[in-house]
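Some notes on the structure that comes next.
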Amino acid sequence: MCATRPLVLLLQLPIPPPGFVPVRGNVPLAAGYLKLFARRRGLEDRCRVELLRATLANTLGDQGLVQAILVREPWLVGLTCYVWNIERSLWVAQQLKQRRPDLLVVLGGPEMAIDNRWVLEHAAVDYAVLGEGEQTFAELLARLLDRPADPAAIAATAGLWSRAGRHEPSVRRPLSSLEEISSPYLEGILDAADDETMLLETTRGCRFKCKFCYYPKSYDRQYFLSEEKVRANLAYAVRRGVKEVFLLDPTLNQRPDFARFLRVLREENPDRQFSYSAELRAEGITAQTARLLRAANFTEIEVGLQSVDPLAQSLVARKVPLAAFQRGVRAMRDEGIDVKIDLIVGLPGDSPDSVRRGFDYLQQSGLCAQFQVFNLSILPGTALRAEAEALGLRYQPRPPYYVLSTPRLSLEEIVSLVEESQQRFGVEFDPLPAPVLEPPQGAGDAQRMVRVDLDGPPYELPGPERRAQTFAIWLRARDFHLRRAEAAELVGRLLADNPHGTLQVIVEPTGEVDGRLDAVLDTIHEACFRSTSYLDRYYSLTGGSAAAKRIVLLLPGALRSRLGAAWIAATAQHACILWSGGGLCADDLEGHEYLCS
């Protein structure tokens, strides 16, 4: 550790990619806020606050992350935790603690809630920041840096859960002014030129109280960024060549000055250099505000319909007047704005018939050009989680906390409705990318693939810390039935080392392909799913076989007709098929079949 100022290292792990696709959008904005607020409180005179580089956070496997953190010799590590990264963050924290028991671990983000005890009581967590984090984290740093530190003062910090105290902390009052944290971009902490995108938060708090949402738990009212700072951030976006500005406000048109705000966005984007996107309430949009949205260069808007059923709307405090909703969506579409409409499957009060009425409404009203269906998540800290037992909601105990059944919807019906929505509207939600035999080279030197000939000379796997988050193992054997235990053992080792990564297992038989291959795929599949990760559970209610672990059967295209349609269909339970050698037409293939490019 540095003998002068101890290092505080902040990081945010990305949404796990479903394949060999670049990670985009993992901007550590919250960590940038923490560093900026600590700077303005004079804490950088007492410690160094750094953010782990995005090229590392977004590409390294689990063990690689641990190594990258340890080599920097931090005094304290802070992790921003969301539903998609909390389990991986805890795993990394546990590994850090095993190797450096003196290291302090602080967690923050929406996953920190008193009703999420499995997180707070994890052995690797020293402190957890509940609610808005900037003030709490700065006070914690200041008190930890005091010599000697005062445990009583630390335990009394508003908004802070500590392992030593284990009691519910007093509620932290939000920042009275968002000026204090705007902006990590303007201060040079974040650079929007990296991805040519900028995340801009101009409001905290939401006047709507939807019971499935995080937001109502932390804010008693709305807090707004000044027009001056909004303009300064947008001028920065112009200078840095930004192409997209994502407005993070929970409901953009809840602002009392909404029309004026849109004019500001237009004025600071005179050459339409970048597009805007946001989420808002369609029922509050008029023809006039739709024109202002388009003039500012909004190209995509997301709106939540969620359900058309009055009972479901009432139970989650999300009432939507359908006539006004339809007018608002049409007004935006008339201006050439793409409107994405959200529906949720699994809401209390909804039934299969009422969910289908939502599908019918979108089709009959002509509003279904773009829409997406979500499974309901019972998120920590929400009103819906507090009421889940009374409402008869059964849900996953770990992220993404999907509802598994309600008094009016069985698990089978939930899965079937999501499948039905995709069939009715001809879409596939979150499709997996096509399998690849040559992974693209990512940033850094993390290794992305290893080839193993099970009939060949002895082999070695690359060290766990050298493997990328998305990794592939290409197995070859003349008789996989004889080698299936060895193949499964290799897969198990890879997943034991990096349990939260994305793994592609390529199985290439070099000898005769016969019915015994089914048992091979069964064995490898079992090794893949001895434990599950977030991405496995994310895809678990889609009705398909998508998951964090993917088995790819590589076969000569000439075998397709001999193997037959029944065998190919049965294989889809465990693997997709990649046909090599040409001679096949993509239009003749099923959804789990691909051609080598």
Side-chain angles (χ1 to χ4, degrees), residues 16 18-20 61-62 432 435-437 439 448-462 464 467 470-540 542-556 559-560 562-580 590-594:
F20 288 101
D62 304 335
L432 291 179
V436 297
L437 298 180
R448 293 182 165 229
M449 176 180 277
V450 63
R451 292 175 172 83
V452 175
D453 186 345
L454 296 174
D455 301 319
Y459 51 83
E460 281 190 23
L461 296 177
R467 300 176 209 149
T470 303
F471 189 78
I473 182 169
W474 188 337
L475 301 171
R476 304 178 82 236
R478 286 186 297 275
D479 188 341
F480 261 107
H481 193 262
L482 293 177
R483 298 287 192 175
R484 66 186 187 279
E486 185 178 359
E489 191 271 336
L490 282 170
V491 169
R493 282 168 55 189
L494 291 174
L495 292 172
D497 292 335
N498 292 299
H500 298 281
T502 301
L503 180 65
Q504 178 178 277
V505 182
I506 302 170
V507 176
E508 183 186 8
T510 58
E512 182 68 19
V513 176
D514 55 34
R516 296 185 304 161
L517 193 57
D518 297 343
V520 173
L521 297 178
D522 284 343
T523 302
I524 295 175
H525 186 269
E526 181 183 351
C528 284
F529 293 96
R530 288 194 182 116
S531 62
T532 59
S533 64
Y534 166 81
L535 203 61
D536 297 323
R537 293 187 294 276
Y538 177 85
Y539 280 110
S540 64
T542 62
S545 59
K549 282 80 79 170
R550 192 180 196 188
I551 302 172
V552 180
L553 184 58
L554 178 61
L555 296 173
L559 289 180
R560 188 174 188 273
R562 178 171 72 80
L563 293 171
W567 185 88
I568 291 170
T571 302
Q573 296 180 25
H574 294 329
C576 65
I577 303 176
L578 188 60
W579 300 106
S580 64
E590 299 298 326
H592 68 290
E593 297 179 271
Y594 301 87

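Starting from 1, each residue takes its place in the sequence as its number. The model shown is predicted, which means the values in this text are computed figures rather than measured ones.
- Panel note: side chain Thr502, backbone Pro18; no donor-acceptor pair is recorded below 3.5 Å.
- Separation of atoms CG (Leu495) and OG1 (Thr532) is listed at 11.5 Å; rounding is to 0.5 Å.
- The distance from the CG atom of Leu555 to the CG atom of Leu578 is 9.0 Å, given to the nearest 0.5 Å.
- A distance of 9.5 Å separates CG of Leu503 from CG of Asn498, quoted to the nearest 0.5 Å.
- The two residues Leu475 and Ala487 make their nearest non-hydrogen contact at CD1-CB, 3.8 Å.
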ask   = Should Arg562 and Glu512 be marked as a salt bridge (Lys or Arg N to Asp or Glu O under 4.0 Å) after you check the CA-CA gap, both sets of side-chain angles, and the distance that decides it?
value = CA-CA 12 Å; Arg562 178 171 72 80; Glu512 182 68 19; 3.8 Å; yes

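- Look at Glu593 and Arg560 and you find a salt bridge, because one of the NZ, NE, NH1 or NH2 atoms lies within 4.0 Å of a carboxylate O, short of that distance.
- Taking the side chain as every heavy atom from C-beta outward, Val507 and Trp474 never approach each other to under 4.5 Å.
- Side chain of Asp536 to main chain of Ala547: no donor-acceptor pair is present (N/O by atom type, distance under 3.5 Å, no hydrogens or angles).
- Counting heavy atoms from C-beta outward, Tyr459 and Leu454 have side chains that approach closer than 4.5 Å.
- Atom SG of Cys528 and atom CD1 of Ile524 lie 7.5 Å apart (nearest 0.5 Å).
- Side-chain N or O atoms of Thr523 include none that pairs as donor or acceptor with a backbone N or O of Arg484 at under 3.5 Å.
- Checked by atom type and distance alone, the side chain of Asp62 pairs as donor or acceptor with a backbone atom of His500 at under 3.5 Å.
- Closest approach of Arg476 and Thr510 over heavy atoms only: NH2-CG2, 3.5 Å.
- Between the Asp497 side chain and the Leu494 main chain, no donor and acceptor come within less than 3.5 Å of each other.
- Between Thr470 and Phe20 the shortest heavy-atom distance is O-CE2, 3.4 Å.
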Salt bridge (Lys or Arg N to Asp or Glu O under 4.0 Å) between Arg516 and Asp479, worked out = CA-CA 9 Å; Arg516 296 185 304 161; Asp479 188 341; 3.1 Å; yes

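- Note that CD of Gln504 and CD1 of Ile473 are 11.5 Å apart. Values are rounded to the nearest 0.5 Å.
- Although no hydrogens or angles enter the test, the distance criterion places a donor-acceptor pair under 3.5 Å between the side chain of Arg467 and the main chain of Pro462.
- Residues Cys576 and Pro435 meet the side-chain proximity criterion, which asks for heavy atoms closer than 4.5 Å.
- No more than 12 heavy atoms of other residues, nucleotides or ligands lie within 6.0 Å of CZ in Arg478, so this atom counts as exposed by the packing criterion.
- Looking only at side-chain heavy atoms (C-beta outward), Arg550 and Val505 stay at 4.5 Å or farther from each other.
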task = Could you please spell out the steps behind the salt bridge (Lys or Arg N to Asp or Glu O under 4.0 Å) verdict for Arg483 and Asp455?
result = CA-CA 9 Å; Arg483 298 287 192 175; Asp455 301 319; 3.4 Å; yes

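- The CG atom of Leu563 sits 8.0 Å away from the OG1 atom of Thr571 when rounded to the nearest 0.5 Å.
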